[in-house]
Amino acid sequence: MELKQRIESFVKLGEFLRDYSNGDKELGFSKKLNEIVINDHIQNPWFTEKNVKKAISAIGESLKVEKIESWINRYPYLKKKNPVRNIGVITAGNIPLVGFHDFISVLISGHNVFVKQSSNDKHLLP
């Protein structure tokens with residue numbers, strides 16, 4: 001996938017997250033997302049509904065085209081064709097969506113990401 005396509009994909013994700021944060025519950029995945037947001041605290045008491053929604057909102061705001069382009073323009077290496085590598089990421093489990101920046105950094109650079117979630121976050125995947 002080309003850099004432009006990766007940017008467009010993250011911009012769309014940002015739009016979805018902003019819509020969700022603004023209360024648009026008619027989105028395709030929002031029912032499952034809302035279920036996770038409401039019930040996260042059962043598995044991890046740090047993940048209150050308010051904290052998770054705040055994290056989702058912040059990520060949604062950061063995934064605007066101008067912010068992504070400003071960020072990646074500091075790394076001219078990303079505009080070149082580079083070999084795809086497999087990158088492992090181990091996430092912490094103490095803050096909602098704490099590993100998202102690591103995740104997006106790997107993907108925006110054109111690499112594959114393999115994530116080892118904290119044992120506290122295992123409930124987030126189906």
Do [X] and [Y] touch side chain to side chain, with heavy atoms closer than 4.5 Å?
{"X": "Phe100", "Y": "Thr91", "result": "no"}
{"X": "Lys54", "Y": "Ser21", "result": "no"}
{"X": "Val115", "Y": "Val113", "result": "yes"}

Supply the atom-to-atom distance [X] [atom1] to [Y] [atom2], rounded to the nearest 0.5 angstrom.
{"X": "Arg6", "Y": "Leu107", "atom1": "CZ", "atom2": "CG", "result": "9.0 Å"}
{"X": "Phe114", "Y": "Ile87", "atom1": "CZ", "atom2": "CD1", "result": "9.5 Å"}
{"X": "Ser57", "Y": "Asn22", "atom1": "OG", "atom2": "CG", "result": "7.5 Å"}
{"X": "Tyr77", "Y": "Asn82", "atom1": "OH", "atom2": "CG", "result": "3.5 Å"}
{"X": "Arg18", "Y": "Ile56", "atom1": "CZ", "atom2": "CD1", "result": "13.5 Å"}

Treating [X] as the side-chain partner and [Y] as the backbone partner, does any N or O pair qualify as donor plus acceptor under 3.5 Å?
{"X": "Asn51", "Y": "Phe47", "answer": "no"}
{"X": "Asn112", "Y": "Val84", "answer": "no"}
{"X": "His111", "Y": "Val106", "answer": "no"}

In terms of hydrophobic clustering (I, L, V, M, F, W, Y; side-chain heavy atoms under 4.5 Å; direct or indirect links), are Phe16 and Ile38 co-clustered? no
Donor-acceptor list for residues 59-75 side chains, cut-off 3.5 Å, not counting sequence neighbours:
unit_1	atom_1	unit_2	atom_2	d
Glu61	OE1	Lys64	NZ	2.8
Ser62	OG	Ile59	O	2.8
Asn73	OD1	Lys79	NZ	2.9
Asn73	ND2	Glu69	O	3.0

Less than 4.0 Å between a side-chain N and a carboxylate O, is that true for Lys12 and Glu15? no
Less than 4.0 angstrom from a charged side-chain N to a carboxylate O is my criterion; do Lys53 and Glu49 meet it? yes
Is there a side-chain contact (heavy atoms from CB on, under 4.5 Å) between Tyr20 and Val37 once you walk through the steps? CA-CA 11 Å; Tyr20 175 81; Val37 167; 3.5 Å; yes
Within 6.0 angstrom of Ile90 CD1, more than 12 heavy atoms from elsewhere: no
Just to verify, what does Asp102 make a side-chain contact (heavy atoms from CB on, under 4.5 Å) with, not counting sequence neighbours? Val89
